[in-house]
There are 2 protein chains.
Amino acid sequence: MASPAYARKKQPEAVRRALLDAAARIAVEQGAPGITVQAVAEAAGVTKGGLFHHFPNKQALIEAMFADVLEQLDREIDAHMAQDQDPHGPFSRAYVETLLVGERFGVGSPFDALSVAVLAEPSLGDLWATWLRDRLVRHQDTDADPMLEVVRLATDGAWLNHVIQRTERPRLEGLREQLLNLTRQAAP
Amino acid sequence: MASPAYARKKQPEAVRRALLDAAARIAVEQGAPGITVQAVAEAAGVTKGGLFHHFPNKQALIEAMFADVLEQLDREIDAHMAQDQDPHGPFSRAYVETLLVGERFGVGSPFDALSVAVLAEPSLGDLWATWLRDRLVRHQDTDADPMLEVVRLATDGAWLNHVIQRTERPRLEGLREQLLNLTRQAAP
DNA sequence: GTAAAGATACCTTTCGGTAGGTATCTTTCA
DNA sequence: TGAAAGATACCTACCGAAAGGTATCTTTAC
C-alpha cells in the first residue's frame with residue numbers, strides 16, 4: 001500500500017516552479033516574516049524535505065525567487081522598449097510602464113515580492129544594484145538625463161508606497177501620464 | 001551579595017528610551033529579522049523580563065518604536081518648514097531635505113528603521129499611510145501640485161535605493177538640487 | 001510597607017536543517 | 001527488448017536552537 005504522496009507523478013521542473021511561485025506569493029501576501037520553508041513547501045504541495053531537495057537552504061530559495069522575478073522584469077521591460085520609437089528615454093518609459101501600471105504591478109503581483117525579499121535579505125541588494133547598473137550602462141546614451149533619473153526614482157517611490165500601504169490600486173493613471181511626459185521634456 | 005544588575009538605579013523613562021533606541025538601531029544594522037526581544041533587551045542593558053515590563057508584547061514594542069521615529073520625523077519636517085518663505089511647496093521641500101540629506105533621516109539613520117519595521121510588521125503600513133495622508137491634507141493648499149508629488153515620490157525612491165543597495169552616501173547633492181528646483185518650477 | 005522596576009527561570013512553539021528511507025525515472029547492457 | 005542498476009525526486013521523522021511569552025521572585029523608590 002503505497003503512501004498517497006508517493007503516488008503522484010514526479011515533475012521536478014513543475015515542483016521547482018511551484019516553490020518559486022509560492023515563495024513569491026507568500027512574500028506578497030504575508031510579508032517577509034511569512035516566508036518560512038514550511039509555509040512555502042506546504043503552499044507548493046510539497047514537504048519540507050522536498051523543498052530541501054531543490055534548494056540547499058532557505059537563502060538559496062529566496063535568491064532563486066529573486067533572480068526569477070528579476071528575469072521576468074527584464075523580459076517585460078525589453079518588450080516595452082521594442083515598441084518605443086522615441087530615441088530619448090525609452091528605458092525610463094519602459095521602467096514606468098512596467099513597474100507602475102503593468103499588468104503585473106499591484107497587490108499580488110510577483111514584482112511586489114522583489115521589494116519584500118530585498119529588504120528582508122540585505123544580501124540581495126547587491127543583485128538589484130548590479131541589475132540596475134547594467135541596465136543603466138546599457139542605456140547610457142539614451143537614458144542618462146537627470147530628469148529621467150527622477151522619473152525612475154518616482155516610479156520606485158510609487159511602487160514602494162503601494163507595497164507598504166497595501167492600498168487599492170490607486171489613481172496611477174495621472175501619475176503615469178505625467179511621468180511619461182517628463183521623459184519627453186527637455187529632450188536634447 | 002546583590003546581583004550587579006540589581007545594583008543599578010531605577011530609571012524607567014531612561015530604560016524605555018534605551019529600548020526604543022536599541023530597537024531602531026538593531027533594525028537599521030541587522031534588518032528586520034534581527035529585531036528579537038532578546039537582542040533588543042540586551043542592547044538596552046536590560047533583561048527580557050525588564051522589556052516585557054515596559055511593553056506587553058513584541059508588536060507593542062515595534063509599534064512604539066515606529067510611532068517614536070515618526071514623531072521625530074514630524075518635528076524635523078516642521079523645523080524645516082518654519083524656515084521656508086516660499087509659499088509654494090514648502091512641505092515637499094522639507095520632505096526632500098529631511099529624508100534625502102538630513103542628518104537624522106538620511107541614509108543610515110533611524111528612519112531606515114521605519115521601512116524595516118513595516119516589513120517585520122505589515123500592519124504598520126496603515127500608520128504610515130495615515131501619517132502621510134494627514135500631512136497632505138494639512139498642506140493641500142501649498143503642496144497639491146502633481147509635480148510636487150513626483151518630487152516626493154522621487155525622494156522615496158532615492159531613499160529606497162540607498163537602503164537596498166547599502167552603498168556609500170553617493171552624489172545626492174545633485175539630486176537634491178534638482179528636486180528642489182523642480183518644486184519651484186511651474187509655480188502658480 | 002507597598003507598589004513599581006527589573007531579574008530569573010521556565011514553558012511552548014516554531015524555526016531551519018539533517019538523516020535516512022521509499023518510490024519513480026533513466027541508463028546500461030545482455 | 002527488457003530487466004537490473006543507478007540516479008533522481010520526494011517523504012517521514014527527528015533534532016538543536018532560538019523564538020515569544022509567563023510566572024514569580026528580589027530590589028529599589030516613595
Side-chain angles (χ1 to χ4, degrees), chain A residues 1-23 26-27 30-66 116-117 120-124, chain B residues 1-23 26-27 29-66 116-117 119-124:
Chain A
M1 183 186 74
S3 159
Y6 281 126
R8 184 203 320 150
K9 282 201 66 169
K10 301 198 165 188
Q11 8 191 0
E13 288 311 310
V15 167
R16 199 190 138 92
R17 265 253 61 85
L19 285 167
L20 292 178
D21 291 346
I26 290 179
Q30 310 188 31
I35 313 178
T36 70
V37 299
Q38 174 82 12
V40 171
E42 224 163 80
V46 183
T47 61
K48 250 176 21 168
L51 187 153
F52 277 114
H53 174 74
H54 288 276
F55 305 96
N57 50 50
K58 183 187 177 181
Q59 185 174 341
L61 164 71
I62 294 187
E63 281 176 6
M65 169 190 99
F66 190 81
V116 173
E121 192 69 54
S123 70
L124 295 180
Chain B
M1 184 183 76
S3 159
Y6 280 129
R8 184 204 319 147
K9 288 196 65 171
K10 299 202 167 187
Q11 2 189 333
E13 289 309 311
V15 167
R16 199 190 137 91
R17 264 252 62 83
L19 285 168
L20 292 177
D21 291 346
I26 290 179
E29 290 172 0
Q30 310 188 33
I35 313 178
T36 70
V37 297
Q38 174 82 14
V40 171
E42 224 162 79
V46 183
T47 60
K48 252 179 15 171
L51 187 152
F52 278 113
H53 175 76
H54 288 276
F55 305 96
N57 50 49
K58 184 186 179 182
Q59 182 173 342
L61 165 70
I62 294 186
E63 280 176 8
M65 170 191 96
F66 193 82
V116 172
L119 278 161
E121 197 66 56
S123 68
L124 294 180

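Letters A, B, ... mirror the listed sequences (proteins, then strands); counts begin at 1.
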* Derivation of the side chain to side chain contact (heavy atoms under 4.5 Å, CB included) call for B/E42 and B/Q38 -> CA-CA 6 Å; B/E42 224 162 79; B/Q38 174 82 14; 3.1 Å; yes

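Between B/H54 and C/dA4 there is no side-chain polar atom (N or O) within less than 4.0 angstrom of OP1 or OP2. Contact annotation: B/H53 does not reach the phosphate of C/dA7 (side-chain N/O to OP1 or OP2, under 4.0 Å).
Atom-to-atom, CD of B/E42 to C1' of C/dG6 comes out at 15 Å; the value is rounded to the nearest Å. Atom-to-atom, CZ of B/F55 to P of C/dG6 comes out at 11 Å; the value is rounded to the nearest Å.
Closest to the side chain of B/V15, from the set C/dG6, C/dG17, D/dA9, is C/dG6. Checking D/dC11, D/dG21, C/dG16 against the side-chain heavy atoms of A/F52 singles out C/dG16 as nearest. Comparing D/dC10, C/dG17, C/dT8 by their closest approach to the side chain of B/T47 singles out C/dT8. Considering only side-chain atoms of A/P12, the nucleotide from D/dG21, D/dA9, C/dG17 that sits closest is D/dA9.
Between the side chain of A/K58 and the base of C/dG17 there is no donor-acceptor pair of N/O atoms closer than 3.5 Å.
Closest approach of A/N57 to A/F52, counting heavy atoms only: CA-CE2, 3.8 Å. Closest non-hydrogen pair, A/L61 versus A/L20, comes out as O-CD2, 4.2 Å.
Note on B/T36: only backbone sugar-phosphate atoms sit closer than 4.0 angstrom, heavy atoms only; bases stay farther off.
Of the inter-residue distances, the one linking B/Q59 atom CD with B/L124 atom CG reads 7.0 Å to the nearest 0.5 angstrom.
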